[in-house]
Amino acid sequence: MAYKELSEVRKTLRVDWYRCPTRPGLLRELSRRSDAQGWFQAGGHLALFIITGSLAFYFWSQEFWLAFLLALFCHGTVTTFFRGVAPHELGHGTVFKTKWLNKFFLYLFSLIGWWDHFDYASSHTYHHRYTLHPEGDREVLLPIEPSLASTFMLQLFTVNLLTRPGRTISRGGLISTLILTAMAAVGVDPSSEEMPASEWVKALHLDQPEEHHNSILWSRILLLFHGAILVIAIITGLWVLPLIFSVSVFIGNWLSYFVGLPQHCGLRDHTTDFRKNTRSMKLNPLFDFLYWRMGWHIEHHMFAGVPCYNLAKLHREVAHDMPAPRTLIGAWKEMRAVWRRQESDPDYQYDTPLPATAKHARDDSPEAQLETSIGELAPAGLQERA
């Protein structure tokens with residue numbers, strides 16, 4: 001499918017989003033950033049990485065192989081959220097009140113997670129402004145299959161070598177990431193015109209050449225950093241180091257897949273209502289923490305300037321105007337049922353029911369700027385409409 005250039009889309013595409021009315025002053029209150037909350041979220045996640053990595057190293061050094069494999073699996077499950085999830089919220093710039101702390105953790109998590117936060121900032125800016133309007137948002141393209149195929153699950157519960165679940169901006173598993181990062185480091189875009197991921201990345205690079213340049217430099221840094229870890233492992237004989245620092249983000253990808261795919265899968269595109277194209281879920285405290293509270297995904301899309309740790313409070317304030325949040329299992333049952341119908345009816349999209357108290361139109365809000373804020377996500381070339 002041929003798309004307009006993104007510079008043209010910015011001039012012509014306007015999405016008049018519905019956002020739940022909020023009481024005066026609420027958004028200002030909930031948009032306040034907190035270093036203490038930021039340290040709890042980002043520092044806590046890093047602490048889990050250090051603890052599980054240290055356990056894996058200890059069991060390896062003691063040759064407790066079963067315990068080592070279990071610790072490495074837990075370490076991978078924790079670290080996989082460094083890839084996309086942690087940099088996502090840090091990229092919005094809403095985690096810490098102190099700006100350099102946002103930047104520090106953004107670069108740190110992206111480095112360990114093989115994550116290109118430059119390309120992602122461009123892509124995700126479009127994703128928020130034009131959510132599921134493919135002219136301007138091809139970060140997520142519907143329909144998406146909520147796959148539970150055995151070979152796919154085997155990769156997610158062991159080492160993810162090739163898969164690229166859910167989003168066109170991800171570089172996929174270990175092998176595909178190595179190949180695509182090496183290509184990006186020399187400024188080569190993916191060559192396949194048939195792949196939606198390739199088309200979207202090329203469109204972003206054409207639209208934001210400065211970010212493309214930054215992406216090339218960052219890809220070189222990624223290769224140097226992880227290459228250095230490999231060299232150290234060879235010199236010292238500590239072959240466990242690449243497993244802890246470079247490969248762990250591709251181990252145990254099961255949880256990030258199960259909590260991440262429900263964001264938009266099976267829902268409606270070309271709608272102006274986030275309640276119809278996005279799904280919120282109630283998660284247990286551990287999953288909620290590792291997922292950086294992104295289970296509250298409708299709330300995040302409606303008010304992306306609100307820090308992740310305030311989204312549950314926001315939900316309670318607007319719950320009367322929102323669909324009931326799904327459980328994780330309920331979301332997957334819903335997605336699988338939708339996919340089965342889409343196999344025979346490709347045009348079918350699930351229409352999320354709203355409560356009787358829900359509104360469908362609203363008056364202009366005095367806090368319009370806060371409502372449309374996406375924090376500090378937009379790169380310089382896209383800030384004019386941020």
Side-chain angles (χ1 to χ4, degrees), residues 41-57 60 68-91 104-120 152-182 184-185 197 215 218-230 232-233 238-261 286-287 289-292 294:
Q41 180 63 58
H45 200 162
L46 183 61
L48 285 177
F49 170 83
I50 293 170
I51 291 167
T52 53
S54 298
L55 284 172
F57 185 90
W60 172 82
F68 166 68
L69 290 175
L70 178 59
L72 190 62
F73 176 79
C74 293
H75 183 59
T77 300
V78 167
T79 310
T80 188
F81 289 94
F82 284 16
R83 188 173 173 82
V85 176
H88 162 263
E89 191 66 14
L90 290 158
F104 172 78
F105 278 99
L106 171 63
Y107 278 74
L108 177 64
F109 288 145
S110 297
L111 194 62
I112 297 171
W114 292 85
W115 188 252
D116 184 347
H117 53 286
F118 292 105
D119 274 353
Y120 184 67
F152 181 55
M153 289 294 105
L154 179 62
Q155 286 193 78
L156 294 186
F157 279 92
T158 55
V159 182
N160 182 355
L161 295 175
L162 296 169
T163 58
R164 188 198 303 270
R167 287 177 183 258
T168 60
I169 199 65
S170 168
R171 288 179 178 173
L174 175 61
I175 293 174
S176 55
T177 293
L178 287 172
I179 293 171
L180 291 172
T181 301
S215 174
W218 181 250
S219 294
R220 292 170 182 170
I221 291 170
L222 288 176
L223 292 176
L224 285 171
F225 174 76
H226 292 285
I229 290 175
L230 181 59
I232 292 170
L238 298 173
W239 58 263
V240 73
L241 292 181
L243 290 178
I244 292 173
F245 288 99
S246 300
V247 181
S248 58
V249 74
F250 305 106
I251 297 172
N253 288 175
W254 64 281
L255 183 57
S256 61
Y257 174 68
F258 283 127
V259 299
L261 196 70
L286 177 60
F287 288 7
F289 177 81
L290 288 174
Y291 193 32
W292 286 57
M294 281 298 108

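When side chains are defined from C-beta on, Thr177 counts as touching Arg83, because their heavy atoms get closer than 4.5 Å. You'll find the side chain of Trp114 reaches within 4.5 Å of the side chain of Leu178, heavy atoms only. Side-chain contact check for Thr163 versus Asn253: every heavy-atom pair is 4.5 Å or farther apart.
Considering NE2 of His88 and CG of Leu106, their distance stands at 11.5 Å, rounded to 0.5 Å. Taking OG1 of Thr77 as the reference point, atom CG of Leu286 lies at 10.0 Å (rounded to 0.5 Å). To the nearest 0.5 Å, atom CG of residue Leu72 and atom CZ of residue Phe57 are 13.5 Å apart.
Across all non-hydrogen atoms, the minimal contact from Trp115 to Pro87 is CD1-CB, 3.6 Å. Closest approach of Ala185 and Leu223 over heavy atoms only: CB-CD1, 3.7 Å. Of all heavy-atom pairs between Val85 and Tyr291, the closest is CG1-O, 3.5 Å.
Residues satisfying the side-chain contact (heavy atoms from CB on, under 4.5 Å) test with Phe258, not counting sequence neighbours, are Leu148, Met153, Phe157, Trp254, Trp332. Under the rule for a side-chain hydrogen bond (donor to acceptor under 3.5 Å, both in side chains), the partners of Ser256 that lie at least two apart in sequence or sit in another chain are Thr80. Among residues two or more places apart in sequence or in another chain, the side-chain contact (heavy atoms from CB on, under 4.5 Å) test is passed with Leu111 by Trp218, Ile221, Leu222, Phe225. The side-chain contact (heavy atoms from CB on, under 4.5 Å) search around Ala42 returns Phe96, Phe105, Phe109, Trp292, not counting sequence neighbours. Asp119 meets the salt bridge (charged side-chain N to carboxylate O under 4.0 Å, His left out) test with no other residue; sequence neighbours excluded. Among residues two or more places apart in sequence or in another chain, the side-chain contact (heavy atoms from CB on, under 4.5 Å) test is passed with Ile179 by Ile175, Met183.
A donor-acceptor pair under 3.5 Å is absent between the side-chain atoms of Thr181 and the main chain of Ser219, judged by distance alone. Under a 3.5 Å cut-off, the side chain of His45 and the backbone N or O of Val78 do form a donor-acceptor pair.
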List the steps, then state whether side-chain contact (heavy atoms from CB on, under 4.5 Å) holds for Phe289 with Leu48.
-> CA-CA 11 Å; Phe289 177 81; Leu48 285 177; 3.8 Å; yes
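Note on ring orientation: taking the six-membered ring where Trp is involved, the planes of His75 and Phe49 are tilted (angle from 30° to 60°).
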Report all side-chain donor-acceptor pairs from residues 238-252 shorter than 3.5 Å, counting only partners two or more places apart or in another chain.
| from | atom 1 | to | atom 2 | distance (Å) |
| --- | --- | --- | --- | --- |
| Ser246 | OG | His226 | ND1 | 2.7 |
| Ser248 | OG | Ile244 | O | 2.8 |

